Amino acid sequence: MVFEKVKHIIAEQLGVEEDEITMQTSMMGDLEADSLDAVEIMMALEDEFEIEIPDEDAENFKNIGDIAKYIEGKIA
Amino acid sequence: MSDRRVVITGLGAVSPVGIGKDSFWDSLTNGKSGIDYITKFDTKDFDVKIGAEVKDFDPTLYMDKKESKRMDLFTQYAVAGTHLAFKDAKLSSDDLDSNRTGIIIGSGIGGISTFETEKEKLMTKGPNRVSPFFIPMMISNMAAGQVAISFNIKGPSMTITTACASGTHAIGEAFRMIKLGVIDAAVTGGTEAAISPMAVAGFTSMKALSTRNDEPRKASRPFDKDRDGFVIGEGAGILIIEELEHALKRNATIYAEIVGYGATTDAFHITQPDPNADGARVAMQLALLEANVPLDEVDYINAHGTSTYYNDKLETLAIKDLFKEHAKDINISSTKSMTGHLLGAAGGIEAIATALAIKESTIPPTINYEVKDEECDLNYTPNVKVNREIRYALSNSLGFGGHNASILLKSYK
């Protein structure tokens with residue numbers, strides 16, 4: 001379950017509860033992540049799913065649903 | 001010269017013998033050692049297996065979890081120590097003029113554990129896996145930076161790095177800033193968290209550490225003939241210091257007044273102290289001269305007393321050369337016998353110990369003092385605390401690089 005794993009990684013990184021995170025949650029807008037958190041989270045996701053997320057792709061993520069869908073597309 | 005006076009009004013200890021002023025002081029006056037086997041990493045291949053770790057430290061008591069994850073342990077200790085010091089001072093940072101408040105915190109090494117973790121990632125996973133937090137966690141000024149953010153302090157903030165003298169230099173420089181009118185209050189002291197494989201391996205190779213692995217609590221034995229090196233410690237000693245009128249206006253509890261500061265350099269060798277101990281002697285002398293204090297009014301010296309052969313012998317020589325006949329009347333003690341050596345934080349927790357000694361008229365002992373060394377023939381307050389009224393007390397710190405610092409505290413009545 002990609003979304004569950006993404007949620008877990010983000011919650012861990014940002015010190016928030018997993019149930020605060022939905023598909024619509026914005027990392028920077030809702031969870032107060034800064035640009036350094038965003039880089040670290042992308043690294044953790046790359047490790048977890050053994051993929052590469054180029055910066056230009058990461059810039060387009062509006063919410064956590066976008067991230068999950070992107071990863072599903074990559075590993076499919 | 002300025003007539004502004006500087007007093008100590010808040011104490012925050014995060015130490016191997018207790019977190020918080022009360023448990024710290026209770027351990028020191030009861031001769032309780034904080035030294036045990038290192039738990040932070042596996043010491044199987046190490047010649048040194050002992051250290052003085054801070055026990056039961058929970059960063060979330062002092063900062064939120066997310067913030068704590070972005071800090072190396074040395075920064076967490078500093079933020080925790082600052083919380084404790086503000087609380088002890090019955091002061092909120094909102095009560096301070098943030099532009100007239102400064103932060104000077106010493107750290108000898110900075111975020112060495114973070115460095116080691118991220119170096120491992122570089123080697124095993126490549127450069128693209130080095131954390132974006134690596135630099136902001138590792139750099140040694142970040143304790144001061146994070147304390148500023150946590151407490152909204154906007155005056156001068158900086159870190160002093162002079163190895164084991166860092167904490168005392170920090171307090172001395174903060175004292176000067178207040179005395180000269182640059183600021184009215186400061187968060188100062190030292191912080192360190194270097195019980196890591198690289199730091200222990202490095203100090204071990206220097207033959208600086210005690211290898212008394214079979215008796216951890218007896219390993220730090222300053223001035224004792226059988227001493228064989230220091231025991232690495234960690235933690236933070238943070239003090240709130242204020243200009244006297246600033247403190248009186250808010251009815252602050254005053255532990256002691258800081259009246260003098262001396263800083264010198266050996267210019268001799270990277271690690272060995274000058275065999276004549278001139279630098280250490282002159283640092284104490286300058287602190288006394290700043291306040292015009294007669295030698296025979298110094299009742300207590302919280303010695304650097306690391307438990308290494310050279311330090312204890314040469315610090316003794318410095319005290320004898322400066323104080324002459326009066327040297328034997330001074331109670332000297334090394335609280336490192338209990339806390340281990342907190343490196344850049346040593347001056348911080350030892351200033352706390354010295355301030356409390358003055359306030360409580362109680363001199364904490366040098367524990368593990370068993371065998372007299374003919375080269376160390378002063379009164380080291382062996383093994384048991386002594387009740388004594390203290391007029392003036394010095395706290396000494398001497399660092400690799402030949403950095404010497406001494407601060408002079410006075411009883412405030």
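Everything quoted here is computed from the prediction, not taken from an experiment. By convention in this document, chain letters (A, B, ...) are assigned in the order of the sequence lines, proteins followed by strands, and residues within each chain are numbered from 1.
- Around atom NZ of B:K40, more than 12 heavy atoms belonging to other residues, nucleotides or ligands sit under 6.0 Å away.
- Ion pairing between a basic and an acidic side chain is recognised when a charged N comes within 4.0 Å of a carboxylate O; B:R70 and A:D34 show such pairing.
- Results of the side chain to side chain contact (heavy atoms under 4.5 Å, CB included) test with B:K66 over A:L14, A:V16, A:L31 single out A:L14 as the only residue that passes.
- Of all heavy-atom pairs spanning A:Q13 and B:K69, the tightest one is O-CE, 3.4 Å.
- When all heavy atoms of B:P132 and A:E40 are compared, the pair lying nearest together is CD-OE1, 3.3 Å.
- Residue B:K55 places its NZ atom among more than 12 non-hydrogen atoms of other residues, nucleotides or ligands, all under 6.0 Å distant.
- A:E46 has a carboxylate O that lies under 4.0 Å from a charged side-chain N of B:R129, or vice versa, which qualifies the two as a salt bridge.
- Using a 4.5 Å cut-off on side-chain heavy atoms (C-beta onward), A:D47 and B:K125 make contact.
- Considering every non-hydrogen atom in both B:P136 and A:L36, the closest pair reads CG-CD1, 4.3 Å.
- Within a 6.0 Å radius of CZ in B:F115, no more than 12 heavy atoms belonging to other residues, nucleotides or ligands are found.
- Heavy-atom contacts from other residues, nucleotides or ligands closer than 6.0 Å to NZ of B:K119 number 12 or fewer.
- No more than 12 heavy atoms of other residues, nucleotides or ligands sit less than 6.0 Å from atom CD of A:E32.
- For B:N128, the part sitting under 4.5 Å from any heavy atom of chain A is the backbone (N, CA, C, O) and nothing else.
- In the displayed structure, A:E50 atom CD is contacted under 6.0 Å by at most 12 heavy atoms of other residues, nucleotides or ligands.
- The closest side-chain heavy-atom distance from A:D37 to B:F133 is below 4.5 Å.
- With hydrogens and angles ignored, the 3.5 Å screen pairs no side-chain donor or acceptor of B:K65 with any backbone N or O of A:E12.
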